[in-house]
Amino acid sequence: MPSLIWMQTAGCSGDTMAILCAENPSLHDTLTNYNVDLLWHPSLSTATPRELEATIERICAGEQELTVLCVEGAIALGPDGTGMFDSMFGEAKMDIIKRLADRAQFVIAMGTCAAFGGVSAAGCNPTDSVGLQFRQSDPGGLLDPSWRSAGGLPVINVAGCPAHPSSMVRTLVAALLGAPVELDPLNRPAEFFSTTVHRGCTRNEYHEYNVEEKAFGGDGCLFINLGCQGPTTQAICNTELWNGESSKTRAGAPCIGCTAPNFPKPQNLLVTLKVGPIPLSLPLGVKRAKYMAYKGLARDAAPERLQPTAPQAKTAATATAEEVDNG
């Protein structure tokens with residue numbers, strides 16, 4: 001019987017909330033269909049802390065097999081390398097995670113905090129938070145870059161803030177089946193991190209013709225002015241919609257690049273940093289000179305159906321109402 005333990009460190013439970021929304025398959029179906037022994041989950045288990053401590057000791061003593069270790073949240077190394085900013089049973093969680101990781105067949109970082117440090121590692125990082133095997137984009141976090149699980153793999157980084165439910169549950173299924181998992185250079189499952197959020201975005205055509213919004217509320221692209229990182233962020237948010245319904249960009253909000261190792265960036269997430277009129281960060285694989293030349297011509301070639309009409313329609317409607325009020 002495969003076994004699973006889900007440990008939560010310096011995080012917000014967002015990945016737990018997200019994976020509970022998985023539908024194809026659901027977390028419940030995954031655990032049931034693959035006969036998984038859920039040894040512990042902080043939100044789902046009824047075991048007492050004393051029982052959890054005993055389970056951890058059995059695993060570390062080799063008396064209990066551990067197939068998959070999932071970690072949610074960053075690893076706090078502070079203060080002064082003790083890890084005691086985040087502890088349980090009088091022991092630093094970083095030491096508990098290390099011991100469990102050495103016993104697990106697969107170790108999965110659920111979310112950007114566990115993968116790279118995320119929000120906990122942003123800014124001055126007073127808790128000295130890191131990811132399991134990365135410190136933001138640099139190899140080496142809690143575990144050395146050369147570390148491998150009992151199954152021979154590095155930590156599998158299912159990035160996101162929170163991670164996409166489908167990415168999490170399908171990676172979990174692959175681990176339970178012992179199926180090969182192809183990883184990208186950041187040890188993210190390539191199946192979910194090989195295309196950009198821009199793919200499948202309903203605002204793509206607006207972007208191609210340089211019809212860019214300067215304020216929220218319109219149908220145009222949010223990349224040039226409003227901080228959208230969809231063209232530079234690898235994730236499946238617009239090819240597999242959240243809850244089968246929508247995504248940030250479809251709802252009118254910019255992609256904030258939450259699957260990247262340097263998330264969150266030290267800047268206003270709703271403003272695009274530029275060199276002149278062109279964004280500092282360009283769509284993946286695009287050359288700056290060609291992009292500047294292309295964008296200079298695209299707006300003039302835009303079909304009429306893409307031209308902003310909402311403000312004009314609103315003005316006309318307001319004028320008609322005023323005419324009625326004035327008799």
Side-chain angles (χ1 to χ4, degrees), residues 1-9 11 13-22 24-45 47 51-75 93-94 96-115 131-134 141-143 147-160 162-183 187-193:
M1 174 185 293
S3 58
L4 165 67
I5 190 166
W6 182 297
M7 298 294 292
Q8 187 174 64
T9 49
S13 301
D15 299 290
T16 287
M17 297 302 294
I19 200 171
L20 291 175
C21 294
N24 189 28
S26 68
L27 179 60
H28 175 270
D29 288 345
T30 298
L31 299 178
T32 302
N33 294 343
Y34 296 98
N35 197 29
V36 178
D37 184 6
L38 182 61
L39 301 176
W40 171 258
H41 187 291
S43 299
L44 304 177
S45 296
E51 290 171 328
L52 169 61
E53 185 177 17
T55 297
I56 291 173
E57 291 308 315
R58 287 197 304 273
I59 293 170
C60 295
E63 300 169 0
Q64 165 74 59
E65 181 182 354
L66 179 58
T67 309
V68 182
L69 167 64
C70 294
V71 178
E72 173 183 10
I75 306 298
K93 281 189 183 178
M94 71 174 193
I96 296 173
I97 298 298
K98 274 185 180 179
R99 294 196 289 133
L100 289 172
D102 286 338
R103 289 290 181 178
Q105 291 292 313
F106 299 90
V107 178
I108 304 176
M110 294 296 195
T112 296
C113 285
L132 283 171
Q133 209 170 4
F134 276 83
L142 173 68
L143 305 170
W147 179 92
R148 295 295 182 267
S149 69
L153 288 175
V155 174
I156 301 171
N157 292 325
V158 186
H164 194 289
S166 183
S167 300
M168 286 192 285
V169 75
R170 285 160 58 187
T171 300
L172 179 57
V173 167
L176 292 170
L177 292 176
V181 180
E182 181 184 353
L183 303 178
N187 292 343
R188 302 176 302 188
E191 179 180 358
F192 310 114
F193 297 94

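With rounding to the nearest 0.5 Å, the separation of NZ in K98 from CD1 in I75 is 10.0 Å. In this structure, OG on S167 lies 12.5 Å from CG on N157, to the nearest 0.5 angstrom. With rounding to the nearest 0.5 Å, the separation of CG in L176 from CG in L31 is 8.0 Å. Expressed to the nearest 0.5 Å, how far CZ of R103 lies from CG of L100 amounts to 10.0 Å. Here H164 contributes atom NE2 and R170 contributes atom CZ; the two are 9.0 Å apart, rounded to the nearest 0.5 Å.
Of the N and O atoms on the side chains of Q8 and S13, at least one donor lies less than 3.5 Å from an acceptor on the other residue.
A distance-only check finds a donor-acceptor pair linking the side chain of S3 to the backbone of E65 [under 3.5 Å]. Side-chain N or O atoms of T112 include none that pairs as donor or acceptor with a backbone N or O of A159 at under 3.5 Å. No donor-acceptor pair closer than 3.5 Å links the side chain of S26 to the backbone N or O of A22.
Contact of the T16 side chain with the W6 side chain is registered, since non-hydrogen atoms from C-beta on lie closer than 4.5 Å. At least one side-chain heavy atom of L27 sits under 4.5 Å from a side-chain heavy atom of L44. Residues M7 and I56 are in side-chain contact: their nearest non-hydrogen atoms beyond the backbone lie under 4.5 Å apart.
The environment of CG in N24 is sparse: at most 12 heavy-atom neighbours from other residues, nucleotides or ligands sit within 6.0 Å. Annotation: E63, atom CD; neighbour count of heavy atoms from other residues, nucleotides and ligands within 6.0 Å is above 12.
Heavy-atom minimum distance, T67 versus P2: OG1-CA, 3.3 Å. Considering every non-hydrogen atom in both G14 and P162, the closest pair reads O-CB, 3.5 Å. Between N187 and Q133, the shortest heavy-atom distance links the atoms ND2-OE1, 4.3 Å. When every heavy atom of A163 is checked against every heavy atom of M168, the shortest pair comes out as O-CE, 3.4 Å. Considering every non-hydrogen atom in both E51 and A47, the closest pair reads OE1-CA, 3.1 Å. Nearest heavy-atom pair across P189 and V158 is CG-CG2, 4.3 Å.
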